[in-house]
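Report on the structure given below.
These values consider heavy atoms only, across backbone and side chains, with no hydrogens, waters or symmetry-generated copies. Residue numbers begin at 1 in each chain, while the letters A, B, ... track the order of the sequences.
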Protein chains: 2
Amino acid sequence: MALTTKDIALLAGVSQSTVSRSLNNSPLISVETRRRVLQIAEEQGFEFNANARGLSTNRTNTIGVIYPDDYLDHDVSLYLGSLLTQLRKILEQWDLDLIVSFKENRKTGIDSIKRLVMRKKVDGLIIVHSQSDTSTLEFLEKSDIPFVFLHFYHNSGKVEGINQVYTDHFTGGYLGTEHLIKLGHRRILCVSADAEGEYAQRRRGYQAALEHHKIAWDPALVLFGDRTFQSGYNLVLAHGDLFDSVTATFVHTDTMALGVMEALKATGKRIPQDIAVVGYDDVELTAYFQPRLTTVHQPREELATLACERLVQLLSAKRSLRGKQIKVQPTLVVRQSCGAHLA
Amino acid sequence: MALTTKDIALLAGVSQSTVSRSLNNSPLISVETRRRVLQIAEEQGFEFNANARGLSTNRTNTIGVIYPDDYLDHDVSLYLGSLLTQLRKILEQWDLDLIVSFKENRKTGIDSIKRLVMRKKVDGLIIVHSQSDTSTLEFLEKSDIPFVFLHFYHNSGKVEGINQVYTDHFTGGYLGTEHLIKLGHRRILCVSADAEGEYAQRRRGYQAALEHHKIAWDPALVLFGDRTFQSGYNLVLAHGDLFDSVTATFVHTDTMALGVMEALKATGKRIPQDIAVVGYDDVELTAYFQPRLTTVHQPREELATLACERLVQLLSAKRSLRGKQIKVQPTLVVRQSCGAHLA
DNA sequence: GATGGTTATGCATACGCTTGCATACACTTG
DNA sequence: CAAGTGTATGCAAGCGTATGCATAACCATC
């Protein structure tokens, strides 16, 4: 049916191994022979059988991308969805295929990571997931498969050994807050999410900026939502007095920020005149809302690129490399919602 | 290193082939032997080597999903992104992995479909792509690999032979239009996109509904955008007089509809009092905008489910089945932007 | 002209699994 | 009791590629 190296060998009048070596650029082959083999393979439209190759080399040229199960149920989708596209774009440069999976099969409950690795379907993993239960981590180290944590920062136990690429959310929190302070704001309401993880970092940056500028930190000025538009909207309705009492708010997710802005508008507030708003993430979605949202930009392309490059390094390394923590710096994108253009 | 069936065989005191048969539920194995083998395999955390299996059976338990290269550059992203999640959710029920790829590698220019199929990396394909150049189609038929076109309708040449799952856009166009007619509107502006393909169907439905209700069809009442929010917004600015002259508008993409609504609001129009708006797609995004958008719902989950089910059928069929055209009916979701709740 | 050294090629095996075929065993049955 | 019939298991080949090792061809050297 499909062409094999043996078929090409027959056509070229050489042995199967010569065909294999020719197509793999082995230095053992003479220029002339290689040329002829390549030409015939080309003419016949030959492609290697990936399974046979994988069996023989223990390499599949496929990498697994692990996503949270709910990645599109939540609004986090917009961000992670475009991250996936970036990954695909970058990995194709190395002719690497990409298997997407959720962390866990909801039907069977089977851990996708273990499954993909043990079945030898992937050469490496890019894990975009917040939780790293110890068992998974142990498994990864033991099975000696290259992997990179992307986006979510992991610090469970011995961080030294693992590779990860993530945004410096402390700095992000600091940047957004300081920007508002420099615009003259003193009481800045922080709308955040999640008790721990990256959001805690953002809050630490927020707090540090206040302290650095000698502004007392008021724990009452921190609200918690669930990252959704609706949650941002509802927080404004539920805590109208709090929003009345401040001149600015720093919302730790763009989608929530949009919800906050809509609710503020609905309650008659002008943005940024009555209250300045700064968001976090810089998702395309913000383009649809007026005023244009000033926000902390997460460098998606850079994150994706660095993660892939690191993974490729790990793949080609003879011995397993040391862990590398790659922290990417966010930047502030100044638009209109903060009022900077009015100053 | 990794466990093989041979290892399990040794532990169980049986031959390698008995292990293979046991794990594959062959009826040839005695209950007691199978039980013991399964238990040992379980204890040891055994998993099959997918490459060896693939080589032997010519099956990979992996299916390829082909996306347009630009699927997240455009706003179409919101819809296709969630479609992908649906596909993953459904395919995992059959323990099928999913390789995502763009139609064509932008670096090498190599056709992903051909590559994946010829290298035997996938058992089947779900193709979410509008163009089907004849060469690809010929290749697919010749290579005898199961494939299903999803979302985009293909009618090049002999449609009979191919399998596809798509929305009945004629009916969608009809539904949206008729709804407005029944609310009393006579002059309905149509904001569409793309000269051909699914958008042409939506326009045909629009036109049919008008004619059916004895309303003269006015070609001047059809505008064309590029499916983006911004394009919807700009059309309103560019054709303010046209929008003034009608009492309703049927926009053939939600994201465009949202742009249209924002622009209408910006020019002082009230929705739906001054002008009623109906969209198309029913993306989550619309939840963020007031008034809530009445729209034609594309049954994403159903589309994804049907495509997967059909593919699974094709995979397990002995001989290649006949082509099947699965047309899914859209439904109208009545919210506020059409004004029905005021009537 | 025998020896040694390159260089290019082929032979044969291994990778881990599936599966057709042979076989061994335990029963029935005439 | 020989022959037949299942039933459960093992043996061995084959899937297509990579690669260590043997070999052949060619040339240079003494």
Tell me whether the side-chain N/O atoms of [X] come closer than 4.0 Å to OP1 or OP2 in [N].
X      : N       : result
S30(B) : dT9(D)  : yes
T5(B)  : dG16(C) : no
N51(B) : dC17(C) : no
N58(A) : dC15(C) : no
S15(B) : dG10(D) : yes
S20(A) : dT17(D) : no

_By the 4.0 Å heavy-atom rule, please label T33(A) as base, sugar-phosphate, or nothing._
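Sugar-phosphate, no base atom in range.
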_Heavy atoms only, 4.0 Å cut-off, all strands: where does L28(A) land among base, sugar-phosphate and nothing?_
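Base: the residue L28(A), judged by heavy atoms under 4.0 Å, touches a nucleobase.
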Whole angstrom value for the distance that separates [atom2] of [N] from [atom1] of [X]:
X      : N       : atom1 : atom2 : result
R59(A) : dC15(C) : CZ    : C1'   : 16 Å
R53(B) : dG14(D) : CZ    : P     : 22 Å
N25(B) : dT18(C) : CG    : C1'   : 15 Å
Q44(A) : dG16(D) : CD    : C1'   : 17 Å
N24(B) : dC17(C) : CG    : C1'   : 9 Å
K6(A)  : dC15(D) : NZ    : C1'   : 9 Å
I29(B) : dT19(C) : CD1   : C1'   : 12 Å
N49(A) : dA18(D) : CG    : P     : 10 Å

*asked:* Determine whether a donor-acceptor pair (N or O, by modelled atom type, separation under 3.5 Å) exists between the side chain of Q164(B) and the backbone of H154(B).
replied: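 Present.
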_Donor-acceptor contact present, side-chain S112(B) to main-chain F102(B), <3.5 Å_ =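 Such a contact is found between S112(B) side chain and F102(B) backbone.
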*Between I29(A), V19(A), I8(A), which is the residue that forms a side-chain contact (heavy atoms from CB on, under 4.5 Å) with V14(A)?*
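Only one option passes, and that is V19(A).
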*Cationic N near anionic O, under 4.0 Å, D97(A) to R119(B)*: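 Answer for the salt bridge query: no.
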*Polar pair under 3.5 Å, donor/acceptor by atom type, side chain S17(B), base dC17(C)*: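 No.
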_Check: dG20(D) base within 3.5 Å donor-acceptor of R21(A) side chain_ =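 For R21(A), whose side chain was compared with the base of dG20(D), there is a donor-acceptor pair (under 3.5 Å).
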*Taking the side chain as C-beta and beyond, is there a heavy-atom pair between F147(B) and I162(B) under 4.5 Å?*
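Yes, at least one pair of side-chain atoms sits under 4.5 Å.
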*For atom CD of Q93(A), decide whether the heavy atoms of other residues, nucleotides or ligands shown that lie under 6.0 angstrom number more than 12.*
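Atom CD in Q93(A) is packed in, count exceeds 12.
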*Select one nucleotide: of dC17(C), dG10(D), dG16(C), the one nearest the side-chain heavy atoms of T18(B).*
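Out of dC17(C), dG10(D), dG16(C), the nucleotide with an atom closest to T18(B)'s side chain is dG10(D).
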*asked:* By nearest atom, which of the nucleotides dT18(C), dG16(C), dT9(C) is closest to the F48(B) side chain?
replied: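 Nearest listed nucleotide: dT18(C).
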*Toward the 5' end of DNA chain D, which comes first, G13(B) or L55(B), by nearest nucleotide?*
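Per heavy-atom nearest nucleotide, the more 5' residue is G13(B).
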